[in-house]
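Structure first, then comments.
Here is how names work: the chains are called A, B, and so on, in the same order as the sequence lines, proteins then strands, and each is numbered from 1. Hydrogens, waters and symmetry mates play no part in the numbers below; they use all other heavy atoms, side chains included.
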Amino acid sequence: MKFRACPLREGSLSLHAMSKRVRVRFAPSPTGGLHLGGVRTVLYNYLFAKKHGGDFLVRIEDTDQSRYVPGAEEYIFDTLKWCGLEPDESVQYGGNYGPYRQSERKATYRQYAEQLVKDGHAYYAFDTPEELEKMRHDFKTEQNSSPQYDSNIRMKMRNSLTLAADETEKLLAEGTRHVIRIKIPLHETVSFTDMIRGQVSFDTSVVDDKVLLKADGMPTYHLAVVVDDYLMKISHAFRGEEWLPSAPVHILLWKYLFGLENMPQCAHFPLILGPNGKLSKRDGAKYGFPVFAMSWNDPKTNELTEGFKEKGFLPEAFINLLALLGWNDGTEQEIFTKEELIEKFSLERVHSAGAKFDYEKAKWFNHEWIKQSAVGNLQLAVKNLLAQNGITVGNDALLEKVIGLVKDRCVLLPDFVQQSSFFFKAPETLDVDAVKPKWDEGKKNFFVAYAEKSQAAAEWNATVLENTFKDLAGEKGIKPGELQLPFRIMLVGGKFGPPVFNIAELLGKEETIERINRAINMFG
RNA sequence: GGCCCGUUCGUCUAAGGGUUAGGACACCACCCUUUCACGGUGGUGAUACGAGUUCGAAUCUCGUACGGGCUACCA
């Protein structure tokens with residue numbers, strides 16, 4: 001980390017971290033939802049910025065209207081909010097370097113694109129999509145399965161390099177559809193230092209003349225990212241590994257436009273992989289786990305993709321598991337709060353290899369977080385979940401006790417429904433089959449007596465209940481163990497839940513006795 | 001096809017020239033528990049392959065193989 005010495009008024013010297021600004025870009029389009037890899041990119045950017053006392057900013061990429069999905073932008077910010085990763089600057093949160101939405105910066109991008117043409121680093125291209133397709137077809141060979149618009153091809157196409165100057169002028173004056181392409185130099189080695197991978201080099205002869213400004217006047221990512229990073233004074237640019245191959249284009253643009261010395265430091269994060277390569281939206285449905293942070297309902301296809309939130313993950317657990325997918329602090333610690341992550345995160349310890357997502361381990365993280373969560377942190381979510389299942393909780397104090405009692409056995413939030421419904425509502429059906437084969441008069445008599453004894457009990461708690469139960473069983477000559485399962489079925493309805501006597505304690509005297517009597521009749 | 005990145009138990013990973021290659025998830029066994037879990041103890045299980053450098057290589061170098069990414073007027 002770099003430091004800059006700052007003299008204080010008193011004359012002493014103190015070290016201040018140089019201000020860091022990192023940014024993340026979002027397209028409110030591709031699939032709409034923010035998938036695992038996207039959120040992790042945000043997370044690492046966020047952690048880095050916060051750790052170094054810098055600013056974390058989000059830019060919105062609404063470059064391609066045909067792909068723009070309504071609602072996606074709001075969705076992005078909802079997701080960031082749920083994850084606790086709100087940016088310091090963005091369309092929604094404001095800041096001093098706006099506008100942050102790409103479509104509102106069109107004039108700026110054009111200005112720099114024209115500048116490049118003037119300096120001989122870019123050119124106008126008038127080729128139609130059909131002509132491009134023809135080119136790709138005509139020049140396709142066995143050695144080159146996908147020909148690029150590059151130094152070999154460009155002189156055979158219709159652009160300001162091949163056309164006479166007055167012809168170009170005329171086409172432009174007529175408003176002919178055109179794009180601006182970067183003119184990649186012939187044989188030049190472009191290299192840069194990636195904070196995770198070290199030095200990476202490319203030969204420009206394999207880079208194509210990327211479109212910088214599209215026919216509709218919108219910039220491509222390549223132009224926008226460089227111009228914005230400069231104008232918004234970005235110091236660090238981190239993104240996914242899938243961007244590595246386009247880095248040379250960006251380096252060249254920095255060189256031509258703003259100077260290499262002003263280029264942000266960059267890092268490319270490893271990909272998050274699904275069972276088969278890069279994690280895709282399809283993998284979720286295919287393998288049965290969520291790939292989006294929050295449920296995304298595609299307004300175009302009306303297709304719903306379930307998210308981690310709706311699946312019952314705690315946001316704390318979600319960012320925890322994401323952080324550990326490609327990074328660790330070198331110790332054996334695995335459970336981190338956001339604050340700890342900020343404190344301990346370091347780019348040097350981010351892996352360079354892709355990480356395959358494991359849903360089982362993800363669930364383990366959530367389980368750990370539920371177990372260590374304070375009851376208050378869970379209460380609202382559980383209450384809502386119960387309400388969704390038709391159970392209204394009238395007694396919050398009881399709910400608190402119930403959550404405390406059952407949270408150790410809940411992996412996902414919805415598990416609370418099964419584990420705690422019966423505290424608020426008597427089970428509608430009892431697992432009679434589990435009891436009947438061994439049910440007899442002796443047991444029936446026991447429970448009739450136990451109900452009577454309970455009625456008379458002066459104290460009502462698990463210990464007293466259990467002692468009474470065991471004493472009575474002894475008197476009747478029945479093993480207490482044989483009576484516990486029927487008792488559980490009576491109260492819970494099935495073979496699950498916390499220890500029976502704890503359940504009875506929370507249920508209270510009246511309810512417990514009522515359930516015993518009701519069940520005795522059902523067992524016959 | 002070309003270019004780039006990568007490769008330690010099934011999965012996430014630790015080990016920065018010298019360790020019986022460590023931990024976690026999952027799995028198995030036992031203990032605890034007469035429900036289901038939690039928890040505890042133990043177990044199975046990895047340095048892709050081949051050369052080289054070195055007294056010594058998971059670690060450094062090269063090659064091979066395999067995996068992934070990119071190769072759009074998408075990001």
Side-chain angles (χ1 to χ4, degrees), chain A residues 25-27 29-30 38 61 63-64 66-67 125 127-129 132-133 136 140-150 177-181 194 196-197 200-203 205-208 210-222 224-225 239-248 268 270-271 273 275-278 321 324-335 351-365 367-368 371 406-411 415 418-419 431 434 479-489 492 494-500 503:
Chain A
R25 305 183 69 91
F26 285 115
S29 49
E61 191 103 28
T63 169
D64 190 335
S66 67
R67 287 161 58 89
D127 317 280
T128 63
L132 288 174
E133 204 175 308
R136 291 196 185 99
K140 189 170 175 174
T141 60
E142 266 184 38
Q143 287 77 28
N144 188 0
S145 65
S146 55
Q148 309 191 98
Y149 204 118
D150 59 16
R177 278 180 77 83
H178 67 277
V179 301
I180 293 181
R181 285 183 182 269
D194 183 289
I196 294 172
R197 278 150 229 280
V200 183
S201 307
F202 294 85
D203 190 310
S205 58
V206 299
V207 183
D208 64 330
K210 291 270 181 246
V211 169
L212 261 20
L213 203 70
K214 300 193 272 186
D216 62 2
M218 288 291 277
T220 57
Y221 175 88
H222 310 295
V225 78
R239 74 248 278 199
E241 193 188 340
E242 71 269 29
W243 285 105
L244 209 39
S246 57
H268 292 88
L271 262 13
L273 276 10
N276 290 306
K278 191 175 159 186
L321 71 91
L324 273 282
L325 217 47
W327 171 88
N328 73 85
D329 76 339
T331 71
E332 282 171 7
Q333 183 177 353
E334 295 199 84
I335 303 299
H351 258 241
S352 45
K356 201 174 280 184
F357 175 69
D358 180 3
Y359 191 45
E360 292 306 318
K361 180 109 188 198
K363 286 193 286 193
W364 174 81
F365 274 106
H367 191 188
E368 292 300 308
K371 281 194 289 177
V406 305
K407 66 179 178 141
D408 280 7
R409 51 195 77 212
C410 296
V411 175
D415 294 343
Q418 200 214 23
Q419 293 292 336
D431 187 355
K479 282 186 215 152
E482 290 189 18
L483 294 162
Q484 280 202 25
L485 184 66
F487 191 30
R488 168 174 299 280
I489 305 282
V492 177
K495 290 191 269 188
F496 58 88
V500 252
I503 297 174

Exercise. Does the distance from a Lys or Arg side-chain N to an Asp or Glu carboxylate O, for Glu334(A) and Lys361(A), drop under 4.0 Å?
Worked result: yes
Problem set entry | salt_bridge(Arg136(A), Glu133(A)) N-O dist < 4.0 Å | no
Exercise. Does any donor atom in the side chain of Arg239(A) or His268(A) lie under 3.5 Å from an acceptor atom in the other side chain?
Worked result: yes
N/O (side chain, [X]) to phosphate O (OP1/OP2, [N]) under 4.0 Å:
X         : N      : result
His178(A) : C73(B) : no
Lys214(A) : C74(B) : yes
Lys278(A) : C70(B) : yes
Lys371(A) : G39(B) : yes
Asn328(A) : A14(B) : yes
Arg181(A) : C73(B) : yes

Sort out the partner of [N] for me: Watson-Crick or G-U wobble, both distances under 3.5 Å, none otherwise.
N      : result
G6(B)  : C66(B)
G18(B) : C55(B)
G1(B)  : U71(B)
U11(B) : A24(B)
C30(B) : G40(B)

Is [X] touching bases, backbone alone, or none of the nucleic acid, heavy atoms closer than 4.0 Å?
X         : value
Pro498(A) : base
Val200(A) : sugar-phosphate
His268(A) : nothing
Ser201(A) : sugar-phosphate
Ala355(A) : sugar-phosphate
Gly326(A) : sugar-phosphate
Arg136(A) : sugar-phosphate
Phe26(A)  : nothing
Val211(A) : sugar-phosphate
Asp127(A) : base
Ser352(A) : sugar-phosphate

Considering only [options], which nucleotide approaches the side chain of [X] most closely?
X         : options                : result
Leu485(A) : U35(B), G68(B), G23(B) : U35(B)
Lys356(A) : C5(B), A75(B), C12(B)  : C12(B)
Arg409(A) : C36(B), C5(B), U71(B)  : C36(B)
Ala353(A) : C3(B), U7(B), C5(B)    : U7(B)
Phe202(A) : A75(B), C4(B), C38(B)  : C4(B)
Leu244(A) : C5(B), C73(B), U11(B)  : C5(B)
Ser145(A) : G1(B), C73(B), C25(B)  : G1(B)

Exercise. Looking only at atom types and distance, does a side-chain atom of Asp208(A) sit under 3.5 Å from a main-chain N or O of Lys210(A), one as donor and one as acceptor?
Worked result: no
Exercise. Is the backbone of Gly494(A) close enough, under 3.5 Å, to the side chain of Arg488(A) for a donor and an acceptor to pair up by distance?
Worked result: no
Exercise. Rounded to the nearest Å, what distance is computed from the OH atom of residue Tyr149(A) to the P atom of nucleotide G2(B)?
Worked result: 25 Å
Seminar exercise, completed: Judged by whether its glycosidic angle lies within 90° of 0, C32(B) is anti
Problem set entry | Closest-nucleotide 5' rank along RNA chain B - winner of Arg177(A) and Asp203(A) | Asp203(A)
For this session: Would you please classify the geometry between the Trp243(A) ring and the His222(A) ring as parallel, tilted or perpendicular, with 30° and 60° separating the classes?
Result: perpendicular
Exercise. Is the base of C5(B) touched by the side chain of Arg197(A) through a donor-acceptor pair closer than 3.5 angstrom?
Worked result: no
For this session: Using only heavy-atom distances, decide whether a donor-acceptor pair under 3.5 angstrom links the side-chain of Lys361(A) to the base of A26(B).
Result: no
Problem set entry | Lys140(A), NZ atom: more than 12 neighbouring heavy atoms under 6.0 Å | no
